Visitor: 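There's a structure below that I have some questions on.
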Amino acid sequence: MLTMDVSRRTVLRAAAAGGAGMGLAGTGLVTSGPAAPASASAGQRTGSTGPARKLRIAILLFDGVTAVDAIGPCEVLCRIPGAEVVTVGREAGRVRTDTGVLTLGVDHTLSQVRTADVLLVPGGNVRDVQADPETIRWIQRLHRHTTWTVSVCTGSLVLGAAGLLRGLPATTYWGLKAELAQFGATFVPSRFVEAGRIITAAGMSAGIDMSLHLAAKLAGDRIAQALQLVVEYDPQPPFDTGSPDKAGPELTSLALRLLRNSAAR
């Protein structure tokens, strides 16, 4: 694993130096100075006389989070020029994912992160998060000043519990789409749904689609297209069963059983 990681870094450094075709500099990913503002949010980060400050992206983590909901978007968003990703939770330290297989690190407590340009709420076992007044109040406070507030999978149910989806179209994990209605939202069967400055993504892998869309909003299409190549997001699944409509009732039932069985105990 270490050899593979070092090799990849070597390749990326060579590309940045111009050793792979045009090099990353030719794409605009490498610049000689601060990233130029490519959107209203970037403009807000640049003063008329001062240097550009970093684009702060806050990712909420909690016990029971689905790993790919956070990691997939992070792999895209952390590479936006000028971006700073911070992980936030009730306590600093480690949280265990919904399957109980992995742990993720929380670097900042809720009280330490008072503002962010982007707030990302991943999904997973979100019941405790929905019922936690401190976390809900934190989401509400941050949302007042974010440029974008986004969710992946059942993270939309957390946004709903915070009162942010009332009267809006939204999406979530296919197995829990009916729950959006209790928060006054209208379910839309799309990979992601943009409603004002809120973007909700469907289940798990849809977070990567959403994050590329968000990257284009924040830094322009060219950067987002390059980031898609960086993460080599070129899905060619061996099966066409990625939605209940395509999978049919028997596989849908099996999927739900597998989901329940994989939950951490």
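Values in this document were obtained by computation on a predicted structure and should not be read as measured data.
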Visitor: Tell me if a side-chain donor or acceptor on D117 pairs with a main-chain N or O of R56 at a distance below 3.5 Å.
Guide: yes
Visitor: Checking T87 side chain against D107 main chain: does a donor-acceptor pair fall under 3.5 Å?
Guide: yes
Visitor: What are the two closest non-hydrogen atoms of T172 and F187, and how far apart are they?
Guide: N-CE1, 3.9 Å
Visitor: If every non-hydrogen atom of A247 is compared with every non-hydrogen atom of T252, which pair is closest and at what distance?
Guide: CB-OG1, 4.3 Å
Visitor: Please check if I199 and V68 belong to a single hydrophobic cluster, counting links between Ile, Leu, Val, Met, Phe, Trp and Tyr side chain heavy atoms closer than 4.5 Å.
Guide: no
Visitor: Does the side chain of I71 reach to within under 4.5 Å of the side chain of L104, using non-hydrogen atoms?
Guide: yes
Visitor: Please determine whether the number of non-hydrogen atoms from other residues, nucleotides or ligands lying under 6.0 Å from atom CD of Q140 exceeds 12.
Guide: yes
Visitor: So if you build clusters from Ile, Leu, Val, Met, Phe, Trp, Tyr with side-chain heavy-atom gaps below 4.5 Å, do Y173 and F192 land together?
Guide: no
Visitor: Which atom names give the shortest non-hydrogen contact between V126 and P122, and what distance separates them?
Guide: CG1-O, 4.5 Å
Visitor: Any chain of hydrophobic side-chain contacts (each under 4.5 Å) joining L229 to I223?
Guide: no
Visitor: Should S156 and L180 count as side-chain neighbours, where that means a heavy-atom distance under 4.5 Å?
Guide: yes
Visitor: Quick one: SG on C153 to CG on L176, what's the gap to the nearest 0.5 Å?
Guide: 7.5 Å
Visitor: State whether the side chain of W174 and the backbone N or O of D245 hold a donor-acceptor pair below 3.5 Å, judged by distance alone.
Guide: no
Visitor: Indicate if V106 and W138 have the same hydrophobic cluster label, given that clusters are the connected sets of ILVMFWY residues with side-chain heavy-atom separations under 4.5 angstrom.
Guide: yes
Visitor: Determine whether L227 and L218 fall in the same hydrophobic cluster, where Ile, Leu, Val, Met, Phe, Trp and Tyr are linked whenever their side-chain heavy atoms lie under 4.5 Å apart.
Guide: yes
Visitor: Mind checking whether I198 and V150 have side chains closer than 4.5 Å, heavy atoms only?
Guide: no
Visitor: Can you tell me how far apart CG (D132) and CG (L110) are? Round to the nearest 0.5 Å.
Guide: 7.5 Å
Visitor: Does atom CD of E232 have more than 12 heavy-atom neighbours from other groups under 6.0 Å away?
Guide: no
Visitor: Shortest non-hydrogen contact from I59 to C74?
Guide: CD1-CB, 3.9 Å
Visitor: Okay, side chain of E134, backbone of R90: is any donor-acceptor separation there less than 3.5 Å?
Guide: no
Visitor: Please report the closest heavy-atom contact between A162 and I136, naming both atoms and the distance.
Guide: CA-CG2, 3.8 Å
Visitor: I need the L77 CG to I57 CD1 distance, nearest 0.5 Å.
Guide: 4.5 Å
Visitor: How far apart are the C-alpha atoms of R191 and T171, what are their side-chain angles, what is the distance that settles it, and do they pass the side chain to side chain donor-acceptor pair (under 3.5 Å) test?
Guide: CA-CA 8 Å; R191 290 289 280 177; T171 192; over 6 Å; no
Visitor: Looking at OG1 of T66 and CG of D98, how far apart are the two atoms once the value is rounded to the nearest 0.5 Å?
Guide: 3.5 Å
Visitor: If you round to the nearest 0.5 Å, how far is CD of E194 from CH2 of W148?
Guide: 4.0 Å
Visitor: To the closest 0.5 Å, what do you measure between OG1 (T135) and CG (D128)?
Guide: 10.0 Å
Visitor: For T200, run the side-chain contact (heavy atoms from CB on, under 4.5 Å) check against V152, L164, L165 and tell me which one passes.
Guide: L165
Visitor: Taking all atoms of both residues into account, what is the closest heavy-atom pair of A224 and A216, and its distance?
Guide: CB-N, 3.5 Å
Visitor: Is the count of non-hydrogen atoms from other residues, nucleotides or ligands lying under 6.0 Å from E250 atom CD greater than 12?
Guide: no
Visitor: Begin from the C-alpha positions of T146 and R197 and carry the test side chain to side chain donor-acceptor pair (under 3.5 Å) through to its verdict.
Guide: CA-CA 8 Å; T146 58; R197 57 192 181 91; 2.9 Å; yes
Visitor: Applying side chain to side chain contact (heavy atoms under 4.5 Å, CB included) to Y233 and E75, what does each step give before you reach the verdict?
Guide: CA-CA 11 Å; Y233 186 56; E75 287 291 338; over 6 Å; no
